[in-house]
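Chain A is the first sequence line, chain B the second, and so forth, proteins listed ahead of strands; every chain is numbered from 1.
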Amino acid sequence: MKQIIRRTVLDAAKKAFEKGALPSDQTPNMEVEEPRHSSHGDLSTNFAMVSASVQKMPPRKIAERLVSYIEIGGLIEKVEVAGPGFINFFLSNKAWQPVVDEILEQDKSYGNSDVGKKEKVQVEFVSSNPTGPLHVGHGRGAAVGDSVGNILSFAGFDVQKEYYINDSGRQIRTLGTSVRLRLLQKAGKNIDFPDDCYQGDYIKDLADLILEKEGDAFINKDEKEAIAFCAKFAAEIILQGIKEDLTNFGVTFDQWFSEQSLYDSGRVQKAIDDFKSKDMIYEKDEALWFRTTDFGDEKDRVVVRNNGLATYFASDIAYHVEKFERGFQRVIDVWGADHHGYIKRINAIVVASGRKSEQFQVILVQLVNLLRGGKPFQMSTRAGEFVTLKEIVDEVGKDAARFMFLSRSYDSGLDFDLEVAKQKNSENPVYYVQYVHARITGILLKAKQENLIQDIDFKKGEHLNLLNAEEEVSLLKILHTFRENVEKSALELHPHVIFNYLMNLAAAFHGYYNRHKVITDDREQTLARLSLVLGVKKVIRNGLTLLGVSAPERM
RNA sequence: GCCCCCGUAGCUCAGUGGAUAGAGCAUAGGAUUCCUAAUCCUUGUGCGCAAGUUCGAUUCUUGCCGGGGGCACCA
């Protein structure tokens with residue numbers, strides 16, 4: 001619809017220029033948008049204001065001249081010049097009614113788009129170390145990453161979702177040490193458990209598991225060997241748990257990428273050698289440094305320490321080089337806000353390896369404040385007292401948790417109140433939206449029982465020209481904007497745009513439901529309304545799907 | 001000290017270079033013989049402060065103030 005208005009305005013401008021009413025045929029970038037107030041029309045453009053300088057005329061005058069070249073009739077009922085020079089279009093209901101047919105025909109693909117132009121994009125998220133279970137913060141990152149991936153796909157990008165497994169390096173060794181010490185304690189040895197080991201009870205459980213499977217034979221094994229064994233064993237079990245938690249959270253990945261594989265394949269060494277030969281990596285104080293300062297970082301960063309051990313940065317270099325070699329045009333990393341200091345150094349790698357800075361983006365997800373009944377939960381990873389994602393999902397459910405995580409922009413910290421997430425009323429937004437879906441299903445079932453429709457899922461609207469009630473027209477308009485909201489959400493990488501859209505649509509539907517009966521004695525009107533609500537149902541489902549939330553038939 | 005995010009209604013947060021800045025919660029009152037009341041309707045107050053860019057700034061820039069998070073040859 002906005003495109004139609006845009007073309008109308010441009011055509012009128014061209015005509016006005018040809019007839020000499022406007023001095024210039026230049027048409028600067030204009031906006032076509034829905035005004036805040038319905039008294040300002042259905043759609044409005046600032047064309048006259050942005051044209052003021054090229055036309056060398058006051059905006060209102062431009063607008064008035066232009067308007068006389070716009071044809072009234074058909075979809076456009078009235079055009080007005082208002083305020084500083086806005087051109088306001090008042091549209092016929094006929095402009096909006098066909099959207100229902102479009103939804104019913106396109107069904108699950110309604111709202112999709114080709115703005116992505118098949119651009120190959122990778123979204124990497126969660127990527128937590130397999131040294132402990134996922135906690136709440138990972139949950140927010142998982143919900144954001146998964147939804148961003150879904151939304152990008154729907155908007156026409158070629159998306160791959162990936163989890164980077166940090167299965168190498170010091171933390172894994174610490175994991176091995178932690179498990180081994182717990183094992184020795186179980187075997188009756190009197191050993192202090194150091195602070196820098198993982199404190200959680202799950203370490204003890206892992207020790208039990210090893211005892212069960214391997215017996216106590218290897219307690220006397222060589223320390224190095226035992227640590228390596230424990231590390232590998234524990235990491236595998238923990239990763240298994242992570243995968244399970246994510247599956248239960250509705251999060252799926254196209255690929256699980258092992259950090260260790262970068263060492264095993266020699267890619268880390270190769271990346272270091274390559275950058276060395278380009279003098280991007282140099283030696284100082286017996287360590288290897290990357291010249292990240294050449295790319296805006298505050299200081300150069302160590303790649304290999306003077307003790308010969310590679311830092312995590314070394315594998316990050318190899319990994320990000322490798323990502324682009326796989327053919328991605330754009331790489332998006334989802335990180336917790338506490339990692340923001342890493343952006344510059346990874347960006348340095350990307351630019352140093354010949355890519356454009358814009359090809360690498362980081363979604364920084366701010367922290368989650370977990371509350372219960374308004375009171376903060378104490379969380380400390382050090383003491384091993386953290387609330388896991390699994391506990392959250394078990395308590396409030398996948399749908400409520402995901403919807404809550406996506407309810408706000410990830411640029412802001414999020415208060416997550418477990419009690420609110422469990423409530424079954426309007427304080428809990430997930431039910432508000434899901435209820436629309438369930439309510440409509442109920443209506444359609446009733447209509448089917450009364451033989452008004454053959455099937456509760458039909459492909460063609462009927463008597464759409466009867467949809468003229470104020471609430472119906474406003475629903476039609478909202479349905480109409482689904483695609484542009486998907487596109488906005490994709491281009492801005494902001495899933496909460498979809499959240500807001502769904503809340504809006506849900507509110508409009510509930511309002512409509514309370515004021516109008518869908519099934520009435522008027523058969524034609526009933527069929528028109530059934531078509532409309534089926535359209536609403538499908539759009540609600542499509543939107544919820546993008547957020548990874550289910551659309552229940554019954555509640 | 002430096003870097004990142006945030007500062008909008010009593011609370012939690014949306015939003016926009018433009019015409020009268022929104023929602024939920026909270027408060028108070030009301031709606032169900034009828035498709036699910038997990039719903040709806042009615043009821044007020046606000047863009048942290050100061051300069052700059054602009055025809056126009058809550059939105060962009062800078063500075064300040066306030067909150068959160070980071071600043072290792074740790075991840």
Atom pair distance, as rounded to whole Å: [atom1] in [X] and [atom2] in [N]:
{"X": "A/Met404", "N": "B/C25", "atom1": "CE", "atom2": "C1'", "value": "12 Å"}
{"X": "A/Phe509", "N": "B/A37", "atom1": "CZ", "atom2": "P", "value": "10 Å"}
{"X": "A/His494", "N": "B/C13", "atom1": "NE2", "atom2": "C1'", "value": "14 Å"}

Report task. Do nucleotides 65-75 of chain B as a string where each nucleotide becomes B, S or -: B if the base has a protein heavy atom under 4.0 Å, S if just the sugar-phosphate does, - if no protein is that close. Result -> ----BS--BSB
Report task. For the pair A/Tyr410 (side chain) and A/Gly141 (backbone), establish whether a donor and an acceptor sit closer than 3.5 Å, ignoring hydrogens and angles. Result -> no
Query - Residue A/Glu286 excluded, over 12 heavy atoms near CD under 6.0 Å - result: no
Query raised in the report: Residues in side-chain hydrogen bond (donor to acceptor under 3.5 Å, both in side chains) with A/His340, at least two apart?
Result: none
Requested in this report: For B/U8 versus B/A57, give the span between their C1' atoms, rounded off to a whole number of Å.
Outcome: 15 Å
Query raised in the report: B/A14 base to A/Asn504 side chain: any donor-acceptor pair below 3.5 Å?
Result: no
Query raised in the report: At under 4.0 Å between heavy atoms, what does A/Asp316 touch on the DNA or RNA strands: base, sugar-phosphate, or nothing?
Result: nothing
Query raised in the report: When we call it a touch if two heavy atoms are under 4.0 Å apart, what does A/Ser409 touch: a base, just sugar-phosphate, or nothing?
Result: sugar-phosphate
**Report entry** Residue that, paired with A/His516, satisfies side chain to side chain donor-acceptor pair (under 3.5 Å) out of A/Glu471, A/Glu472, A/Gln525
**Finding:** A/Glu471
Report summary line: Stem ranges of RNA chain B by first residue number, counting only runs of at least 3 Watson-Crick or G-U pairs under 3.5 Å, come to B:1-7 with B:65-71, B:10-13 with B:22-25, B:28-31 with B:39-42, B:48-52 with B:60-64
